[in-house]
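All remarks here apply to the structure that follows.
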There are 2 protein chains.
Amino acid sequence: MKILENIEKKIKMTPQRAAILKYLEGNTSHPSAEDIFESVRKKYPMISFTTVYNTLQTLKDLDRVRELNIDDERKRYDPNVNLHHHLICNNCKKIVDIFIDFPLDISEEEAQGYTISCRHVEFYGLCPKCRKTKNKGQGNRNRD
Amino acid sequence: MKILENIEKKIKMTPQRAAILKYLEGNTSHPSAEDIFESVRKKYPMISFTTVYNTLQTLKDLDRVRELNIDDERKRYDPNVNLHHHLICNNCKKIVDIFIDFPLDISEEEAQGYTISCRHVEFYGLCPKCRKTKNKGQGNRNRD
DNA sequence: TGTTATATTGTAATGATTACATATTATACT
DNA sequence: AGTATAATATGTAATCATTACAATATAACA
Ligand SMILES: [Mn+2]
Ligand SMILES: [Mn+2]
Ligand SMILES: [Zn+2]
Ligand SMILES: [Zn+2]
């Protein structure tokens, strides 16, 4: 399911929502709510932060966006809701996609009575940029 | 590395820290800072929330505790720092351990230049208790 | 026992997210 | 086109987890 697919049938379209959707479509940067707000604001300086959160909630309810808890400081959003995994930089928190179908089946016993609905693999490490500048400035968030 | 192993050589021992360590040792419930605070408070009613956070930070620095971002509402802490994975209930947020060594190797190309330091598999689903009461009360956190 | 670096405490500050009341507007129906 | 109305946007305030800070207390060691 693409984020824009049949979306105008599902929600009332507004300029703000259109701008948010345009920003999200095909976006692989896993932006935070603030990233979205700051970007959309360039074109729509009057947009409210609350509108960004409201729209994200709406898109989540429609399964057009996936919320990631992978970053310990803020929620990140992924317009690609197809099954895939992630690699995160411990320093700048840049997140990139990994499209590999790992064998992650577990037995009923191993599932300890849980009904499993989805699986997610997180790889943690250092991105190329942060590895180079490792000993200099630390803790700087990604601003690509 | 066990959480208590040689710990008195590493940090200044205090009654508060001893109580926190005692609570954490062998604990598989993946408590939040508040869970720790509430439990330790029964024995040490004067303990401060800040002390819990400070101690957790110290233990993280010593690699005696692992911080989990798996719960979208609060950080959770795991005194078992050995490699293992987790299964979380989408409803009550109960987290259980999975000790399976999944094949998660990826090529250098797949790693996109990242240096990978650790891997973590998250399984999401419903715990047995929440599955039973699915249609009644929702969103209730685990209080085991 | 005294010294001192380190830890604890209470409180205030921060930062992300949510709640709420009011104003605006997209959509559908004359 | 004009109007009604339910949904949406906005600004502000509230909430909640976590962190910062300054004053007080204490574990470790001589
Ligand atoms: Mn992704
Ligand atoms: Mn665990
Ligand atoms: Zn990086
Ligand atoms: Zn549950």
Side-chain angles (χ1 to χ4, degrees), chain A residues 6-23 30-41 43-62 64-77 93 139-142, chain B residues 4 6-24 30-41 43-62 64-77 93 139-142:
Chain A
N6 225 22
I7 193 74
E8 64 288 341
K9 300 279 172 48
K10 301 282 185 179
I11 64 175
K12 189 190 275 189
M13 197 49 58
T14 67
Q16 294 89 337
R17 285 179 166 185
I20 292 169
L21 287 165
K22 184 179 175 197
Y23 174 74
H30 309 90
S32 65
E34 189 182 9
D35 293 333
I36 298 169
F37 175 66
E38 290 303 338
S39 173
V40 170
R41 193 144 76 132
K43 284 281 177 134
Y44 290 85
M46 75 298 294
I47 198 173
S48 159
F49 218 138
T50 304
T51 296
V52 174
Y53 276 112
N54 286 342
T55 302
L56 286 170
Q57 182 61 53
T58 301
L59 294 173
K60 270 192 293 174
D61 292 344
L62 294 169
R64 299 307 180 96
V65 123
R66 175 173 163 200
E67 190 175 272
L68 299 175
N69 299 322
I70 203 172
D71 180 340
D72 63 336
E73 292 183 37
R74 45 180 52 77
K75 289 176 182 167
R76 306 279 288 259
Y77 297 90
K93 314 294 179 183
N140 296 313
R141 293 206 140 250
N142 164 253
Chain B
L4 293 181
N6 226 21
I7 193 73
E8 63 289 340
K9 299 280 173 46
K10 301 282 185 179
I11 64 176
K12 188 192 277 189
M13 195 50 57
T14 68
Q16 294 89 338
R17 286 178 165 184
I20 292 169
L21 287 166
K22 184 180 173 193
Y23 174 74
L24 287 177
H30 308 90
S32 65
E34 189 183 6
D35 292 333
I36 298 169
F37 176 66
E38 291 302 339
S39 173
V40 170
R41 193 144 76 133
K43 285 281 178 134
Y44 291 85
M46 75 298 294
I47 198 174
S48 160
F49 219 135
T50 304
T51 297
V52 173
Y53 276 111
N54 286 342
T55 302
L56 286 170
Q57 182 60 54
T58 301
L59 294 172
K60 271 194 291 175
D61 292 344
L62 294 170
R64 300 307 179 97
V65 126
R66 176 173 163 200
E67 190 174 273
L68 299 175
N69 300 321
I70 204 174
D71 180 340
D72 63 337
E73 292 183 37
R74 46 182 49 79
K75 289 176 182 165
R76 305 279 289 259
Y77 298 90
K93 316 294 183 182
N140 296 313
R141 293 205 140 250
N142 165 253

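We name chains A, B, ... by the order of the sequence lines, and we start the count at 1 in each one. Nothing here was measured: the structure is a model prediction, and the numbers come from that model.
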**Asked** When the distance from CZ of B:Arg141 to P of D:dC16 is rounded to whole Å, what number comes out?
**Response** 13 Å
**Prompt:** Tell me: CG of B:Asp72 to P of D:dT18, nearest whole Å?
**Reply:** 12 Å
**Asked** Rounding to a whole Å, what distance do you find between B:Leu21:CG and C:dA7:P?
**Response** 13 Å
**Message:** Expressed as a whole number of angstroms, how long is the span from B:Ile36:CD1 to D:dA17:C1'?
**Reply:** 14 Å
**Prompt:** Taking C-beta and beyond as the side chain, do B:Met46 and B:Arg41 meet within less than 4.5 Å on heavy atoms?
**Reply:** no
**Message:** Counting C-beta onward and ignoring hydrogens, is there a side-chain heavy-atom pair between B:Ile7 and B:Arg64 closer than 4.5 Å?
**Reply:** yes
**Asked** Taking CD from B:Gln16 and P from D:dT26, how many angstroms apart are they, rounded to a whole number?
**Response** 9 Å
**Message:** Just so I know, are the side chains of B:Leu21 and B:Leu4 near enough to count as touching, which here means a heavy-atom distance under 4.5 Å?
**Reply:** yes
**Message:** Side chains of A:Ser48 and A:Phe37, heavy atoms from C-beta outward: is any pair under 4.5 Å?
**Reply:** no
**Asked** So, is A:Arg17 near the phosphate of D:dA9, with a side-chain N or O under 4.0 Å from OP1 or OP2?
**Response** yes
**Message:** Salt bridge or not between A:Asp35 and A:Arg141? Use side-chain N to carboxylate O under 4.0 Å.
**Reply:** no
**Item:** Sequence-aligned protein contact record of nucleotides 14-25 of chain C, with B where the base is within under 4.0 Å of a protein heavy atom and S where only the sugar-phosphate is
**Value:** --SBBBB-----
**Message:** At 4.0 Å (heavy atoms only), tell me whether B:Ile47 reaches a base, stays on the sugar-phosphate, or touches nothing.
**Reply:** sugar-phosphate
**Asked** What is the distance, rounded to the nearest whole Å, between atom CG of B:Leu62 and atom P of C:dA7?
**Response** 10 Å
Enumerate the protein-to-nucleotides 28-30 of chain C contacts in which both atoms are nitrogen or oxygen and the separation is below 3.5 Å.
none

**Prompt:** Is the count of non-hydrogen atoms from other residues, nucleotides or ligands lying under 6.0 Å from A:Lys60 atom NZ greater than 12?
**Reply:** yes
**Request:** When you get a sec, tell me which of C:dT27, C:dT8, D:dA9 is the closest nucleotide to the side chain of B:Thr55?
**Result:** C:dT8
**Request:** Would you mind reading off the distance between A:Ile11 atom CD1 and D:dA7 atom C1', rounded to a whole angstrom?
**Result:** 11 Å
**Charged N-O contact under 4.0 Å between B:Arg76 and B:Asp71** = yes
**Message:** A side-chain contact here means heavy atoms from C-beta on lying under 4.5 Å apart; do A:Ile36 and A:Thr55 qualify?
**Reply:** no
**Prompt:** For the pair made of NZ in A:Lys10 and P in D:dT8, what is the distance, rounded to whole Å?
**Reply:** 14 Å
**Prompt:** side chain to side chain contact (heavy atoms under 4.5 Å, CB included) with A:Leu56: which of A:Asn54, A:Thr58, A:Val52?
**Reply:** A:Val52
